[in-house]
Amino acid sequence: MDTDRFDELLDAALESGWIPVDASPAERAELEEMLAATGSLRTAGETAASEARASMPIARARFERFIASERAAALPAPAILVTSPKRGFFSRILVAHRSLSLAAMAVIALVVVGGLVGNQVFFQGVETAAALVPGDYAQVQGVVTSVSNENGKQTVHVDSGLGGIDIDISDSTSVVYEQNASDLSAVKPGATVLVGGLVVNNRLIAARTLALSSAASAVTAPRVLRFKELKELKDGLQGHVVTFSLAPDGVRARVLVETDSGESFLVIVDGRSAERLLKLERSLGAKVSVTALVAGVFSLQVTDQGAPPPPVTRPAGVGGTVTPPGAQAAPASPSLLKVNGIITARDGNVFSIQTRNGPASIVVTADTRIFLGESGLTVIAVRNGDSAIGHSVQVQGGIERASGKIRADTVVVGPKLPR
């Protein structure tokens, strides 16, 4: 097997989450095994990170005592490690140690990630947590203050519960209004918007989907919340979801919760809690309670899904609740597209879904967050095989401009349903 070619295939698969179409059957088999190994590595790494976060105060104190006792000692010059810029971290490990078992790889991950997290524990303060972390997928609602277009780059400036944030708009950004495709000309100062996109930094989000409200223009900006990270379980802690962000590996989420008394907490929750939010018609605004704490990660239970959305005309194949006849519709809030159905086929990264309203086509990209629920599947199996066919699925996202297909921001795969 051509080692250079295989390395290039592995780099492409790790970056996109998809096995390249030109891979041979033998290459595909080895790539699938290695991609499965990366899942174990990342899961083990996140476990190490969670445990490190929980022990942060003690570790920091011990390290400070060590530094104080060794301050007079001269430190040797650090060794310089020269690596090839061609491969990523996991790629280098996998290529160099193809014969290692998954268990051995997980041990490597625990040691390496534990060391990396240890550095963060030593040199960061206890209260340095941010609601938005680069690389996460986030949903944030706010009020548009301005729209700028400089050198062909469009940016929407929004006041939110996190303060002022910028939303980068690209050619691939989907704009939706009342569950239908729209365009950026509808985004004007005073409009209430919900952005779903990838966090660039704590004040910048690259928008995948931008949803507009059908309500009248907002008069005042949302109140900026002064929050702190929740460190220990508090009896009876309940509130509504203001923002949330999802880690790339799907094993944890950061949820900003505001209580009825006006306190605000950033709650680091597990993947199952994130799934519960994603299954709702609208995740932001849902009432939740913090119920458990395991290894520094909390669990959330949904106590109230929030006010129902008003009746709207949805595109074919898009599901969701509709206000019953005679019911009073709540003031409209921006919402991403929502699709519930059963996967019937897959063609590359396009999945066919059968919904109550008919068939729909769902595009799953490398940045789509996939949650496995009670499916018993792996992310690799969902992306690259036919194992997901027959399983229930819940999708949030927007509409591709070019094809008109529904593009998934998040996917929750459920159990396989009997025929």
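Everything numeric here is computed off the predicted structure, so don't read it as measured data. Quick note: numbers below take in every heavy atom, side chains included, and nothing from hydrogens, waters or symmetry partners.
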[X] side chain vs [Y] backbone, donor-acceptor pair below 3.5 Å:
X    : Y    : answer
T259 : Q238 : no
R276 : L300 : yes
D270 : S273 : yes
S403 : E400 : no
H391 : G414 : yes
R208 : T173 : no
T355 : G341 : no
K153 : S148 : no
Q154 : V147 : no

In terms of heavy-atom contacts, does CD of Q354 have more than 12 from other residues, nucleotides or ligands at under 6.0 Å? yes
Does atom CG of D183 have more than 12 heavy-atom neighbours, drawn from other residues, nucleotides or ligands, at distances under 6.0 Å?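 Yes, the 6.0 Å shell around CG holds more than 12 heavy atoms from other groups.
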Quick one: [atom1] on [X] to [atom2] on [Y], what's the gap to the nearest 0.5 Å?
X    : Y    : atom1 : atom2 : result
D347 : S352 : CG    : OG    : 8.0 Å
D159 : T145 : CG    : OG1   : 5.0 Å
I370 : D249 : CD1   : CG    : 12.5 Å
E263 : F265 : CD    : CZ    : 4.0 Å
F351 : T368 : CZ    : OG1   : 9.5 Å
L204 : T155 : CG    : OG1   : 7.5 Å

Side-chain heavy atoms of [X] within contact of [Y], under 4.5 Å:
X    : Y    : value
V156 : V187 : yes
S375 : P415 : no
N340 : V395 : no
L210 : L194 : no
P334 : T192 : yes
V412 : V393 : no
T410 : L246 : yes
R407 : S174 : yes

Any donor-acceptor pair under 3.5 Å linking the side-chain atoms of [Y] with those of [X]?
X    : Y    : value
T243 : R254 : no
Q394 : E275 : no
Y137 : D367 : no
T291 : S289 : no
D409 : T209 : yes

Step by step, would you call D166 with R203 a salt bridge (Lys or Arg N to Asp or Glu O under 4.0 Å)? CA-CA 6 Å; D166 290 336; R203 285 290 175 262; over 6 Å; no
Nearest non-hydrogen partners of [X] and [Y], listed with the distance:
X    : Y    : value
A186 : L212 : CB-CD1, 3.5 Å
V199 : L132 : CG1-CB, 3.8 Å
I399 : A181 : CD1-N, 3.6 Å
V257 : V267 : CG2-CG2, 4.2 Å
I353 : T344 : N-OG1, 4.2 Å
I167 : A207 : CG2-CB, 3.5 Å

So does E258 pair up with R226, basic N to acidic O under 4.0 Å? no
Quick one: do T303 and V288 satisfy side-chain contact (heavy atoms from CB on, under 4.5 Å)? Show the steps, please. CA-CA 5 Å; T303 58; V288 296; 5.6 Å; no
Mind running side-chain contact (heavy atoms from CB on, under 4.5 Å) on F371 and V411 for me, showing each step along the way? CA-CA 6 Å; F371 291 80; V411 173; over 6 Å; no
Test log, rule salt bridge (Lys or Arg N to Asp or Glu O under 4.0 Å), inputs R252 and D136: CA-CA 10 Å; R252 61 115 178 104; D136 281 9; 3.2 Å; yes
Candidate pair V158 and V143, rule side-chain contact (heavy atoms from CB on, under 4.5 Å), full reasoning: CA-CA 5 Å; V158 173; V143 175; 5.7 Å; no
How far apart are the C-alpha atoms of L256 and F227, what are their side-chain angles, what is the distance that settles it, and do they pass the side-chain contact (heavy atoms from CB on, under 4.5 Å) test? CA-CA 8 Å; L256 182 56; F227 61 88; 3.6 Å; yes
